[in-house]
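This report refers to the structure that appears directly beneath it.
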Amino acid sequence: MKFSCTQENINYALTIVGRIANRTPNLPILQNVLLEAKAGGIVIASTNLEIGVRMTIRGKVEQEGKFTIPAQLLANYINLLSAERIDCVLEKKNLHINAGSQQTQIKGEEATEFPLLPDIEREHSYTINRVALELGLQQTVIAASVDETRPEIAGVLFSFQNNKLTLAATDSYRLAEKKLDLEQAGDEHKIILPYRAAQELLRIIQLTKIDHVAVLCSDTQLACIAGEIEFVSRLVEGVFPEYEQIIPSQSSTEAELDCATLLKAVKGAALFSKVGINDIELVISAAQQAMTVRSTNAQLGENSTVLPAQVRGQDVRAVFNYRYVVDGIQQVQRQTSTTVCCGVADSTSPGVLYAKKDPSFHYIIMPIKQ
Amino acid sequence: MQSISRHDILRRLRQTGLAEQVQASEVLQAVQLFLRSEFSQASQDIEPLYVRGQIIVIRCHQSAVAQRINERADELCAYVYQATGVTLAGVRFQL
């Protein structure tokens with residue numbers, strides 16, 4: 001194997017691909033990235049057996065071949081190089097890297113040991129705007145459960161229906177749902193992408209500058225193609241809970257107020273919430289056209305902030321976990337909205353946060369029962 | 001009455017051009033049996049896929065389990081040889 005490429009290209013590819021490489025010593029070959037020089041360019045791939053990422057970069061291939069190199073070491077070294085051009089030559093089990101005046105050799109392993117990345121299955125294919133997908137994943141992945149004992153909620157639901165992609169995630173205390181328009185729609189299909197894969201997909205699409213992402217899925221696999229990057233993940237086997245009925249179609253009380261002010265008030269009240277419970281009380285008053293955020297801690301003291309709001313409906317109070325409220329407000333802010341709508345029916349029903357000017361995102365929080 | 005041996009069946013299958021597929025299927029079944037008996041707790045995460053060039057390709061989602069299978073690859077190959085007469089050279093994983 002012998003090839004040359006630019007430091008910028010290989011460094012970018014290693015940033016995208018290298019992080020998947022497993023750092024745990026379970027299967028040592030998983031710590032490596034696969035370098036494959038072939039006619040179409042240089043393919044760099046890594047996998048942790050749950051997720052696989054493959055990227056092709058441009059370069060001059062003088063001799064075809066493939067080899068694997070420790071991902072972390074290669075990424076750290078390439079990142080330090082200042083030379084524009086990098087020449088790589090494989091000799092026995094060493095990759096010789098020549099960059100300007102620097103010569104290095106890195107020991108690696110034969111590519112025959114490296115796990116195979118499956119061919120992309122194209123049973124259902126869709127195209128979506130990258131920025132929209134990035135926003136949707138950012139807004140929903142925070143609500144996914146990290147507890148793998150309930151695999152059906154340890155991921156993000158991708159539901160393709162009626163030219164729309166609905167992303168939803170829940171950890172059973174809160175739920176985030178985002179509806180996105182598809183640029184190229186296909187047939188109806190539902191899959192659950194594991195939490196870690198969703199996070200990794202988000203990281204990768206944040207690093208790319210491509211306008212469109214092709215999403216291809218089957219019953220067992222999801223693949224996303226963004227330019228020269230191919231992302232493949234297995235799926236969670238299971239059925240995502242039927243959550244639609246818990247989203248209140250209309251709350252009896254709704255308060256619209258400034259996002260930044262509410263966020264500060266909630267963070268202030270959080271300092272006085274009970275340890276382990278993280279409770280804050282939201283009191284909406286129609287007569288005063290205000291929302292009061294308050295919390296009490298027997299050891300520390302208490303806090304109360306009255307915020308002006310546009311209130312519709314009757315007076316209501318409910319107690320929520322401040323962490324979930326903070327996450328919800330931050331995700332509404334991503335909608336480029338300066339105001340947030342809080343819908344609360346009563347102290348035992350779920351509350352809902354959304355942006356009035358763009359209701360494609362809903363964030364539902366279960367109250368803490370007193 | 002004369003009995004038909006496994007060898008006779010394979011010879012007939014070879015004549016009809018199906019021997020390789022049947023043998024591969026036997027190998028997959030043997031690998032499946034081995035994995036189910038030795039890695040029963042993780043059997044949902046393991047699936048033998050195909051044999052190519054004496055290498056058995058297994059889908060495995062857990063790197064820890066993959067490592068345990070790797071450590072016992074020789075034992076797996078020996079079991080497959082004993083059960084089917086097919087020589088495997090090693091194990092490779094697929095996502």
Side-chain angles (χ1 to χ4, degrees), chain A residues 17 20-32 34 45-54 66 68 71 109-121 148-149 151-152 154-155 192-197 200 218-224 230-238, chain B residues 20-21 23-32 34-81 86-95:
Chain A
V17 172
I20 310 275
N22 218 327
R23 282 168 205 176
T24 55
N26 282 333
L27 196 60
I29 194 80
L30 298 182
Q31 295 172 31
N32 291 9
L34 174 74
S46 73
T47 179
N48 62 6
L49 291 176
E50 290 187 15
I51 308 164
V53 181
R54 197 165 25 203
K66 47 181 155 176
T68 73
E109 292 292 329
E110 294 292 344
T112 47
E113 298 276 311
F114 196 78
L116 295 161
L117 294 182
D119 292 330
I120 291 173
E121 295 167 18
E148 290 186 359
T149 56
E152 70 278 8
I192 306 169
L193 185 66
Y195 171 72
R196 278 194 209 128
E200 202 52 50
S218 66
D219 290 338
T220 56
Q221 179 198 93
L222 175 126
C224 290
E230 289 176 15
F231 169 94
V232 187
S233 171
R234 72 178 182 98
L235 301 176
V236 174
E237 284 175 32
Chain B
E20 268 184 38
Q21 286 89 326
Q23 214 163 43
S25 154
E26 281 185 325
V27 170
L28 289 180
Q29 204 176 6
V31 173
Q32 182 82 277
F34 180 86
L35 295 175
R36 274 200 194 148
S37 62
E38 302 297 321
F39 302 93
S40 54
Q41 286 178 329
S43 61
Q44 281 189 328
D45 291 319
I46 316 169
E47 185 190 357
L49 295 174
Y50 56 87
V51 185
R52 189 173 291 162
Q54 292 193 320
I55 302 287
I56 172 77
V57 177
I58 298 172
R59 176 180 285 157
C60 177
H61 300 314
Q62 291 184 32
S63 54
V65 178
Q67 173 65 348
R68 279 164 54 210
I69 296 172
N70 229 6
E71 284 165 0
R72 298 183 64 185
D74 291 345
E75 210 180 313
L76 171 68
C77 296
Y79 178 83
V80 171
Y81 181 72
V86 175
T87 310
L88 288 182
V91 175
R92 198 166 180 192
F93 296 99
Q94 179 177 310
L95 186 151

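Each chain gets a letter, A, B and so on, in the order its sequence line appears, and its residues count up from 1. Every heavy atom of this structure was used, including side-chain atoms; hydrogens, water molecules and symmetry mates were not.
- Minimum heavy-atom separation, A/L49 to B/C60: CB-O, 3.3 Å.
- Within 6.0 Å of the CZ atom in B/R92, the count of heavy atoms belonging to other residues, nucleotides or ligands exceeds 12.
- More than 12 heavy atoms of other residues, nucleotides or ligands sit less than 6.0 Å from atom OH of B/Y50.
- Distance OG1/A/T220 to CZ/B/R59: 5.5 Å, rounded to 0.5 Å.
- With contacts defined as side-chain heavy-atom distances shorter than 4.5 Å, the pair A/T47/B/F93 does not qualify.
- Counting heavy-atom neighbours within 6.0 Å of B/E75 CD, excluding the residue itself, gives a total above 12.
- Side-chain contact between A/E50 and B/S63 is absent, with no heavy-atom pair separated by less than 4.5 Å.
- Counted within 6.0 Å of CD on B/E71, heavy atoms from surrounding residues, nucleotides or ligands total more than 12; the atom is thus considered enclosed.
- Proximity to chain A is limited to the backbone of B/Q62, based on heavy atoms less than 4.5 angstrom apart.
- Using a 4.5 Å cut-off between heavy atoms, A/I29 does not touch chain B at all.
- When heavy atoms are compared at a cutoff of 4.5 Å, B/V57 approaches chain A solely by way of its side chain, counted from C-beta outward.
- Interatomic distance, OG1 of A/T112 versus CD1 of B/I55, reported as 7.5 Å (0.5 Å rounding).
- Closest approach of A/G52 and B/L95 over heavy atoms only: N-CD1, 3.1 Å.
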